[in-house]
2 protein chains.
Amino acid sequence: MSGKTTIYDIAKKLNITAATVSRALNNNSKISEATRKLVMETAAQMNYKQNKLALALKSGKSNNIGVIVPRLDSNFFATVIRGIEEELYPHGFHVIICQTRDDKNLEIENIDALLNAQVDGILMSISNVSIEQNESFKRILKKNVPLIFFDRKANINGVSTVTINDFHGAYEATKHLINQGCKRIAHLSNNRLIEIFRDRYLGYKQAILDSGLEFDESIVIETISKVEEGRKITKILLNMDNPPDAIFSSSDFTALGAIQEIKAQGLKIPQDICVAGFANEPFTKFMELSITSVDQSPLEMGKMTAKVFLEQVRNNDTIKIEKKVILKPKLLIRKSSSKNSNE
Amino acid sequence: MSGKTTIYDIAKKLNITAATVSRALNNNSKISEATRKLVMETAAQMNYKQNKLALALKSGKSNNIGVIVPRLDSNFFATVIRGIEEELYPHGFHVIICQTRDDKNLEIENIDALLNAQVDGILMSISNVSIEQNESFKRILKKNVPLIFFDRKANINGVSTVTINDFHGAYEATKHLINQGCKRIAHLSNNRLIEIFRDRYLGYKQAILDSGLEFDESIVIETISKVEEGRKITKILLNMDNPPDAIFSSSDFTALGAIQEIKAQGLKIPQDICVAGFANEPFTKFMELSITSVDQSPLEMGKMTAKVFLEQVRNNDTIKIEKKVILKPKLLIRKSSSKNSNE
DNA sequence: CTGTTAGCGCTTTCAG
DNA sequence: CTGAAAGCGCTAACAG
């Protein structure tokens, strides 16, 4: 009555045993067509629903996978998770989400909680501060729980990763600025202990060197991904004796801040200064002065991460495969850096 | 060794019984300080972790709650979920997320899957098409699983809801447009079988009637929340014999489309036409021509939804409380509708 | 083809 | 204060 029909209830009703019911329900081994049908019917009629929890305990597989991200309310992470969910759903996996808010302790707590909850895998983007905390990651691997990093990864043996080629994205964006005639390109960077930010920095640097321009470390500034920070830094840059004629930002938010400050100072974009960001946040496209940015295909990244996980689960008993998927970034050239119309 | 220490392992090691270990670990009934300490120590030393799955099966509580939304990659839903997660985390609940993609069958499947997974509650925003499918909702209630709607609700007896006052938000926004001197205000609506869109429409209508303006149903157009749709509809509106001098949109995306079309036709905003949207999507603030919108406090909504759930869980054995929380929307007046600077 | 039995890991009476 | 035993709901040998 209270929605709690078990296989015992239906076994009793039919004067058979629970094992038989279980078999009938699972189309498993040999079972008479008659009883199977009978079981199926009464199961439906009694409104029987399998208790996945019992199955999980028995099998050791919860059919839940944990996803850990710094935060949820960012278009990038939300879209990656969407991809993960859509890819995993048809396989019967549920997605449990956790946020670290870039807090190392929360990250550790979340990992432990997920392991205790017996998740079948953990897909994560590490937090800003977790670089040196390999302990928890090791614990995951020790338990034989598949671990896959996406976007922000740590370098750990035996762990598959799905990333974009941040170096290449940054290289392309910087090259594009150079092609626009810019000669002194500043870079708004971020914590370079995180690989993605280091790679963007390195790509930027390489593009400058490859083009025979002077590389000047003094116009590379490390900050955090906030509009106000972008404004603040840009103000400093513009007040230099030798101000930049372009800004390549590792974040769309700081790029927006840069644009605001540049305009506030009465300079023209892209005529006086070109600006390019990174991440292709929705607003970059919507602005009247649309912002050039590098798309990271978050949906594809999410789906790919899920696929790598599924593959790993499938090959569980055989050899452990360490897969490194690197997606190709897409440079989206928009008004904030288009001096001529032929681009 | 393989990270699978159970209470039996530690019991065996200490020559006591599993029950004692369990009691010691849970600080439960009377147990000698000596053995408790001993158990605690060897547990730590053997790296014991409680298997929540076993606990869940035993207790019937999974400590997971399901959250169902139309989609994840929308700032609004992502932020609500962030709020839910942050509020529930300290209480040991995990959040399982599901997307319906406004597909009725997916919605039903998700509900069933969550119930089978024995979630301790379901928090959801109904899909565009689920208005008449009360069956699944009933099934949730029948199983005594707390069900709470946020934002997009269905009207079902005994179900708590957390919403904003959409009527009021729309009323205020429309009033504001009227205060700007607009006399013929069009409305970009959406499926009005969904309460939030119906309420926004009604609030809009009431504001017009209260102000003694003429209400004209022919400039109320139902569409879907996409930029291109906003453009298309706006084109039609502007080509009318008697075009509107303001547009109040139930979505920021259609509002953006409207703005694009208005500009494309060479008209000035807000001088010729005022525009206001709804939802306070991030881009509305970032635009150079920032868009007036109604904030729905999604973070607060998420936290409140979680709180209502927690309350319901706490009072489980006593009376079932049906709670209707209605949050206050905040009108954010920006450039797209500010003719004078004193607003 | 079906019944019996045991066990996943934990908690919780009930005895002692 | 601790041990013995049962059970949450399901599956999987092992017999028959």
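Naming convention: chains lettered A, B, ... in sequence-line order (proteins, then strands); numbering from 1 in each chain. All values below come from the heavy atoms of this structure, side chains included, with hydrogens, waters and symmetry mates left out.
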Write out a two-atom table: protein N or O, nucleotide N or O from nucleotides 9-11 of chain C, distance below 3.5 Å.
| unit_1 | atom_1 | unit_2 | atom_2 | d |
| --- | --- | --- | --- | --- |
| C/dG9 | N2 | B/Ala54 | O | 3.4 |
| C/dC10 | OP1 | B/Tyr48 | OH | 2.5 |
| C/dC10 | OP1 | B/Asn51 | N | 3.3 |
| C/dC10 | OP2 | B/Ile7 | N | 2.8 |
| C/dC10 | N4 | B/Tyr8 | OH | 2.9 |
| C/dT11 | OP1 | B/Asn26 | ND2 | 3.2 |
| C/dT11 | OP1 | B/Gln50 | NE2 | 2.9 |
| C/dT11 | OP2 | B/Ser22 | OG | 2.7 |
| C/dT11 | O2 | B/Lys58 | NZ | 3.4 |

* Is there a side-chain contact between A/Ile81 and A/Leu72 (heavy atoms, below 4.5 Å)? -> yes
Just checking [X]: base, sugar-phosphate only, or nothing, at a heavy-atom cut-off of under 4.0 Å?
X: B/Ser32; result: sugar-phosphate
X: A/Leu53; result: nothing
X: A/Thr35; result: sugar-phosphate

* Considering residues, nucleotides and ligands other than A/Lys138, do more than 12 of their heavy atoms fall under 6.0 Å from its NZ? -> no
* Just wondering, more than 12 heavy atoms not from A/Lys323 lying within 6.0 Å of its NZ? -> no
* side chain to side chain donor-acceptor pair (under 3.5 Å) contacts touching residues 69-80 of chain A (sequence neighbours left out) -> A/Arg71-A/Asp102, A/Asp73-B/Arg82
* To do: For B/Asn15 and for B/Ser59, locate the closest nucleotide of DNA chain D by heavy-atom distance; then report the residue assigned to the nucleotide nearer the 5' terminus.
  => B/Asn15
* I would like to know whether B/Val159 and B/Phe137 meet side-chain contact (heavy atoms from CB on, under 4.5 Å); could you show each step before the answer? => CA-CA 9 Å; B/Val159 179; B/Phe137 302 148; over 6 Å; no
Over how many whole Å does the gap from [X] atom [atom1] to [N] atom [atom2] extend?
X: B/Lys61; N: C/dT12; atom1: NZ; atom2: P; value: 14 Å
X: A/Ile10; N: D/dG9; atom1: CD1; atom2: C1'; value: 13 Å
X: A/Asp9; N: D/dC10; atom1: CG; atom2: C1'; value: 13 Å

* Asked: Rounded to the nearest 0.5 Å, what separation is found between the CD atom of A/Gln50 and the CG atom of B/Asn116?
  -> 7.5 Å
